[in-house]
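Sequence lines set the chain letters: A, B, ... in the order given, protein chains first and strands last, and positions in each chain run from 1.
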There are 2 protein chains.
Amino acid sequence: MRWASVLRVVGLLLMLFSTTMLPPALVALIHGDAGLEAFLIAFGALLLLGFLLWWPVRRVYQELRTRDGFLIVVLFWVVLGLSGALPLVFSPAPQVSWTDAAFESVSGLTTTGATVLTGIEHLPESIRYYRQQLQWLGGMGIIVLAVAILPMLGVGGMQLYRAETPGPVKDTKLTPRIAETAKTLWYIYLILTVSCALAYWGAGMGVLDAIGHSFATVAIGGFSTYDASMAHFDSPLISMICALFMLVAGINFAMHFLAWRSRSLAHYFKEPEVRWFLSILFGGGVIVTATLWTTGYHDDGWESLHQAIFHTVSIGTTAGFTADAYQDWPLYLPVLLTLMAFIGGCAMSTGGGIKVVRFMLLIKQGYREVVRLVHPRAVVPIKVGGRPVPDPVIDAVWGFFAVYVALFTLMMLLLMALGLDQVTAFSAVAATITNLGPGQGAVAAHYADIGDAAKWVLMFAMFLGRLEVFTLLVLFTPAFWRR
Amino acid sequence: MRWASVLRVVGLLLMLFSTTMLPPALVALIHGDAGLEAFLIAFGALLLLGFLLWWPVRRVYQELRTRDGFLIVVLFWVVLGLSGALPLVFSPAPQVSWTDAAFESVSGLTTTGATVLTGIEHLPESIRYYRQQLQWLGGMGIIVLAVAILPMLGVGGMQLYRAETPGPVKDTKLTPRIAETAKTLWYIYLILTVSCALAYWGAGMGVLDAIGHSFATVAIGGFSTYDASMAHFDSPLISMICALFMLVAGINFAMHFLAWRSRSLAHYFKEPEVRWFLSILFGGGVIVTATLWTTGYHDDGWESLHQAIFHTVSIGTTAGFTADAYQDWPLYLPVLLTLMAFIGGCAMSTGGGIKVVRFMLLIKQGYREVVRLVHPRAVVPIKVGGRPVPDPVIDAVWGFFAVYVALFTLMMLLLMALGLDQVTAFSAVAATITNLGPGQGAVAAHYADIGDAAKWVLMFAMFLGRLEVFTLLVLFTPAFWRR
Ligand SMILES: [K+]
Ligand SMILES: [K+]
């Protein structure tokens, strides 16, 4: 490991991250709320810490290799995730333990959106804003940071890009000039955020609510400034605006990039992953609507329709906003929606889950093996968009799936060992490893009532999900640290 | 499809199966119980039905192809499974519906061992014997029938052998002369049965109980002649005898064959699948024992030890005998044991689950992909016992796993649509697709309290599990029926 360079990058990242304490400090100043001091202390502490890491190694230049890149990407999420807890600890409200502050911050930055807080509407405005901003930064981290900022820091760009994004899209080189690509992606992310905020504001939200919820929407994060999440607004219009922007943010940003460059929407409908993504959500929406109708869950059929659409998109893309107690919906609906979160968003979107492209390859491979029983000698390549998928890519998807299932199982057993019941343990791991947020059972409304050890297991699950499992897991192999 | 030959085989099978009604009829005669008439009617009806299928096509000779083989194997389980319901319907006791009779018979023959009956000890002796015999026949079906009987009926032996057994062992040709192999396997199965019955008898069981439980043990079936299963005997000695024979029956019978021929036990410990099988059960047993001890679940540490060993082997091999209400054990134990059932026995054993060899390949592939992240250009073949596993075998395992997970999920949602709660639905599908037997929640003690539709879904799951998923699923592909 080239520790000097790794420390230099982490130091710079921390100094950069410390500046994100200033906007909430400004909010505190404007509202005269109790959070000001906490954000200024956090700003100073993180700036100093970053400086102390960076200063001794600032002149060491070593070319970073792939494994250093993995370590930096992991540290990016872990170090920033934990650092983000500082203002929550220092602020007089909420009164939270270190564990709870870390949980809230990691959940925010990884765009999971699981919360340990209640009475969010009574917290200082600056804290309410800060949680939303964490999500937005996390979304930006997924889309932009790894491509744009890190290469500028002297890390080989494509290496990290490769570590950050899932296997199947490794070959989709957007443009050879990575910094420019990153800038464009950042513009797209910014335009989506501004459009979403304007739409929320036009639909009746206050300014800070509109900005905060647009942050959490385009990041597919799911934090809200109200305990009741979207139900607070009780507005089908706001729900549908939210659904629209979650859909857009759940699509591969490479598609948005192509649409931007070519000024055409045709790419979206040619891309198999986008077609599967939209088809899965459409199919899910039909089933959910039909079930709510036939069981007569809502008195009003129109209510059932928009609640079904909203929650299918919100849970299916792994955003995790709620506008109704969907965990109490009849029959298989809560489980079905949770299973849709496992599929999640497209690769290179802000969505979580295993990603649509992997699900697509799993299904295609499964079907191929059934056909092979009838035609044992037939060579049936797996194709996506008319082109055969190389074997190493498919191997990687399988390895991913096996490891995903194995780790899911282990963490679920661990939570049960810590005393959680089966439904709670299953849904809590599902909601964190997919970066969804809300669970079922004891974690349906919030995560405040489970023990500290369980919270750390779930933070690990959030990191696993956000780092696409392998990126984190590789650090636990002896081969990674050898030589 | 070469229907004439398929009908001829099914007709012969039915006539053969009708003779299995005679031993329980004999039991009824000896005990003078109420079941005699039912078994004689079933004997006559099945003999006649088989004759009517066979007679018109008895002289048609067509060489059977692979796809005919698949159809015959599927029909073997489905037709015999449903035919076995006849005496249960005709007998004055138990009073059961057609659905319940079919469930009991399919559960018996597929060696699942899930029951809808209560008060089993009060049923006629002949019915109590018959349920156990169904399991033994099912176990024989797995080990012997497909290799021995079907080729004698004119079906190409190796084709069926290939359909019956899971992918990875396709190449382990035991001997070129398949009928002889089958005969040896049948001897081994018989010797195991007799030894097990003698051991049970020596440990204090009555003669019929000893025979009946040895049938269900070597078949890894799990039916008992008492509602309380092995708890009825309340004997650690009997539990340990049972565990020993479940262990032996859960090992690949090709290993027993080699041990028989070479008069040596060395093969067992050289075979990677056997080593994994024993290691998994040993590791599971240690965890279960330690958890029971630390939680102080039993007052007596010795009780905890033998209950832990017994249930780890019984659930881990998918036998499903119980000697304690393990579903009420603390923390993660019920879920952990259920997960061990998913791994199940070795390929070509009477055990269920996905089989140890598949689990082994899944884990190895998962680990390989993690290592590949560090060494992207390294060629790392997956090896079992020092030899690389061919890619098509690994592809088949992955396809199997994907389809298995997908079908599991669909059936679980279907059961929830039928009103079962999440824990019950999960455990019921798990207990039937792995051919385990006992579930959790509403199906912990028996399956009598769930609806008829749910029972048919679970019967489908039992067939899926016993037919290793693909063998049944291939019948639902258009490619199978083309031309
Ligand atoms: K989320
Ligand atoms: K069983």
Side-chain angles (χ1 to χ4, degrees), chain A residues 66-67 70 162-163 167 291 331-336 339 362-376 391-392 394-406 409 412-419 421-423 425-427 440 469-471 473-474 476-477 479-480 482, chain B residues 66-67 70 162-163 167 291 331-336 339 362-376 391-392 394-406 409 412-419 421-423 425-427 440 469-471 473-474 476-477 479-480 482:
Chain A
T66 312
R67 62 180 74 189
F70 280 113
R162 188 171 158 281
T291 311
L331 301 173
Y332 48 80
L333 287 181
V335 174
L336 177 69
L339 291 173
L362 294 174
I363 296 293
K364 285 187 181 220
Q365 166 77 354
Y367 185 73
R368 173 173 78 168
E369 290 308 314
V370 177
V371 170
R372 261 195 190 167
L373 278 181
V374 196
H375 304 292
D391 283 346
I394 293 175
D395 287 350
V397 173
W398 287 119
F400 177 89
F401 190 53
V403 171
Y404 197 85
V405 172
T409 309
M412 179 176 159
L413 292 172
L414 205 50
L415 289 187
M416 294 187 76
L418 295 168
D421 68 90
Q422 189 177 340
V423 169
F426 176 88
S427 73
Q440 292 168 253
V469 182
F470 276 8
T471 318
L473 211 63
V474 75
F476 293 89
T477 59
F480 184 80
R482 210 167 284 149
Chain B
T66 311
R67 62 181 74 188
F70 281 112
R162 187 172 160 281
T291 310
L331 302 175
Y332 48 81
L333 288 180
V335 174
L336 177 70
L339 291 172
L362 293 175
I363 295 294
K364 286 187 180 220
Q365 167 76 356
Y367 186 73
R368 172 172 78 168
E369 290 307 314
V370 177
V371 170
R372 262 196 190 166
L373 279 181
V374 197
H375 304 293
D391 284 344
I394 291 175
D395 287 350
V397 172
W398 287 119
F400 176 89
F401 189 53
V403 170
Y404 198 86
V405 172
T409 309
M412 177 176 159
L413 291 173
L414 204 51
L415 289 186
M416 293 188 76
L418 294 168
D421 68 89
Q422 189 178 338
V423 169
F426 176 88
S427 73
Q440 293 168 252
V469 181
F470 275 7
T471 319
L473 211 62
V474 74
F476 293 91
T477 59
F480 185 82
R482 210 167 284 151

Check your understanding: Nearest heavy-atom pair of B/M412 and A/V335: which atoms, and what distance?
Key -> CE-CG1, 4.1 Å
Review point. Most heavy-atom pairs under 4.5 angstrom with chain A, which of B/G419, B/G366, B/A425, B/A406?
Key: B/G366
**Study point:** Distance-only donor-acceptor check, side chains A/Q440 and B/Q422, under 3.5 Å
**Key:** yes
Point to revise | Pair B/Y332-A/L415, side chain to side chain contact (heavy atoms under 4.5 Å, CB included): steps then yes or no | key: CA-CA 8 Å; B/Y332 48 81; A/L415 289 187; over 6 Å; no
Practice item. Test side chain to side chain contact (heavy atoms under 4.5 Å, CB included) on A/I363 and B/V403 and set out the steps. Key: CA-CA 8 Å; A/I363 296 293; B/V403 170; over 6 Å; no
Point to revise | Which portion of B/L339 sits near chain A, non-hydrogen atoms under 4.5 angstrom | key: side chain
Revision key, fill the gap. Note: vs chain B, highest number of non-hydrogen pairs under 4.5 angstrom among A/L414, A/T291, A/L331, A/L473 is A/L331
Practice item. Name the option with the most non-hydrogen atom pairs under 4.5 Å to chain A; the candidates are B/V469, B/L362, B/V423. Key: B/V423
Review point. What part of B/F476 is in contact with chain A, defined as an atom under 4.5 angstrom from a non-hydrogen atom: side chain, backbone, both or neither?
Key: neither
Check your understanding: Could you walk me through whether B/W398 and A/V397 pass the side chain to side chain contact (heavy atoms under 4.5 Å, CB included) check?
Key -> CA-CA 10 Å; B/W398 287 119; A/V397 173; over 6 Å; no
Check your understanding: Rounded to the nearest 0.5 Å, what separation is found between the CG atom of B/L336 and the OG1 atom of A/T409?
Key -> 10.5 Å
